[in-house]
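All chains are named by letter (A, B, ...) in the order of the sequence lines, taking the proteins before the strands, and each is independently numbered beginning at 1.
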Protein chains: 2
Amino acid sequence: MRRTKEDAAETARQILQAAESLFLEKGYEKVSLEEIAVAVGVTRGAIHWHFKNKQGLLLAIRDRGKEPYRKLAAELSNNTAVSVLTKINDIVSELFERLENDPRQRGLIRCMMRLDISLTESDGICGATFRRELHQTFIQIFSAVEEEVRLTAPWHAESAASVFSATIVGLLSDWALEHSTVRLSPDGQALVKMILSGLISETCCQKNSRPED
Amino acid sequence: MRRTKEDAAETARQILQAAESLFLEKGYEKVSLEEIAVAVGVTRGAIHWHFKNKQGLLLAIRDRGKEPYRKLAAELSNNTAVSVLTKINDIVSELFERLENDPRQRGLIRCMMRLDISLTESDGICGATFRRELHQTFIQIFSAVEEEVRLTAPWHAESAASVFSATIVGLLSDWALEHSTVRLSPDGQALVKMILSGLISETCCQKNSRPED
DNA sequence: AGCATCTTCCTTGGTTCGTCTCATGAATGA
DNA sequence: TCATTCATGAGACGAACCAAGGAAGATGCT
């Protein structure tokens, strides 16, 4: 039956692929494992060998789809000389445009949303939800921001990160769930820009204005 | 067994009540209809007589929990003389405070989120999701706004309503799903205020600055 | 290299659990 | 009286999950 170790990885990949398209096409709970199995050409047991259970499939699909956001985190963590405000803005804008142009991403985000709800309901710990990871990322970012520039009025790093990540997730979920109400590309970008300029007092971003120089 | 018509309504109410607490306590998919039935003291058949299916329970729970938002829509629709900006702001702020002080609301919002995902996945029409209704409300609001005051820069009624409702839903879902990251009461309110003042050019809102007086 | 053995990968069959249906019946309300 | 409403209980059906087995690569030993 099986020929090589790579063959096994290939069937796992095929299972994941079939699951993703079927989930996107028919909805998670309308798809049975049997259906996925016959789509690939294996039996149910094969799925349970490679993945723990049906939710494990969802987890794996999500992990495959996390690269765009890891990229976001990576690009934000390495400090460059440009203003932090415009930097965050650019990264998020680019992310939004990439999502708009990749139809697969909508299904992936739907998977993440469903998984987030299931994880928070089942695990009391609710570790590693999508929103939580995004939130952690932004806490780091805004903590770094707080040292360089000043956050306006009542904001501090954590509250700013909270509302900012909530906004991002709100935009993404609305875009993923509703058919064509929110447009990430012009509208979401503009909103992000507005919020950022509201959170960060831009005048402090000038490097050469620091007194100890 | 059954005594009167009111008794029947009472058991339906009890079923709904038990379902809501169990869903909140253990998570939707971990709760079986059998469990709900014995909690009330009936059998599964009784649940299926009053509600179409398990998702019907969720729908009914959501409908019971929609009053706060209907109230929001109602208060926003009747025009008072105050500035539209401050009016929206006040209503949303009051909503946020009410939610923060009512622990039941978190579970209800979780129900709405789960239902929204299921509805968009199963029904192609995805009619009457929570986010869609909220979006519709804000479209009306901002359309009315557009006639009185001016929306800033690139915004028009629909795009403003889209991003605004997305933000609200983002805040609500984050608050409902994560344990204590987002605080609606000071942080969410401040964000809403910031966004509103960014969307609406406030200078036009002064009633007494109009030339025809 | 060649054999034995282990491990990996997958099938088959079966168990369990949950939703939903249906036939039945009791009490009510007209 | 008698149809309707409310509810029971058994059972059909489907789907997730489990366990034993087996076949073929992978691994170790000489």
From CH2 of B:Trp49 across to C1' of D:dC6 the rounded distance in Å is 6 Å
Whole-Å distance, B:Phe51 CZ to C:dT21 P, equals 16 Å
Worksheet entry | Flag, side chain of A:Lys193 to backbone of A:Ser93, donor-acceptor distance under 3.5 Å | no
Is a side-chain N or O of A:Arg62 found less than 3.5 angstrom from the main chain of A:Met112, in a donor-acceptor match? no
_It should be established whether B:Thr11 places a side-chain nitrogen or oxygen under 4.0 Å from OP1 or OP2 of nucleotide D:dC6._
no
- Residues A:Lys66, A:Asp63: salt bridge by 4.0 Å N-O rule: yes
Protein N or O to nucleotides 14-17 of chain D N or O, pairs below 3.5 Å:
| residue | atom | partner | partner atom | Å |
| --- | --- | --- | --- | --- |
| D:dA16 | OP1 | A:Lys54 | NZ | 3.3 |
| D:dA16 | OP2 | A:Leu33 | N | 3.0 |
| D:dC17 | OP2 | A:Lys54 | N | 3.1 |
| D:dC17 | N4 | A:Arg44 | NH1 | 3.1 |

Without swapping roles, check the side chain of A:Glu121 against the backbone of B:Tyr28 for a donor-acceptor pair under 3.5 Å.
yes
With the side chain defined as heavy atoms from C-beta on, B:Ala46 is closest, among C:dT11, D:dT8, C:dC9, to D:dT8
Taken to the nearest whole Å, CD1/A:Ile47 to P/D:dC18 is 14 Å
Note to self: Side chains of A:Glu29 and B:Ser122 only: does a donor on one sit below 3.5 Å from an acceptor on the other?
What the structure shows: no
In whole angstroms, the gap separating C1' of C:dT19 from CD1 of B:Ile36 amounts to 12 Å
Looking at A:Thr181 and B:Ser162, would you say the former's side chain and the latter's main chain have a donor-acceptor pair under 3.5 Å?
no
When rounded to whole Å, the NZ to C1' distance for the pair A:Lys5 and D:dT27 reads 10 Å
Separation of D:dT5 atom C1' from B:Glu10 atom CD, nearest Å, is 17 Å
Here the distance between atom P of D:dT5 and atom CD of B:Glu6, to the nearest Å, is 15 Å
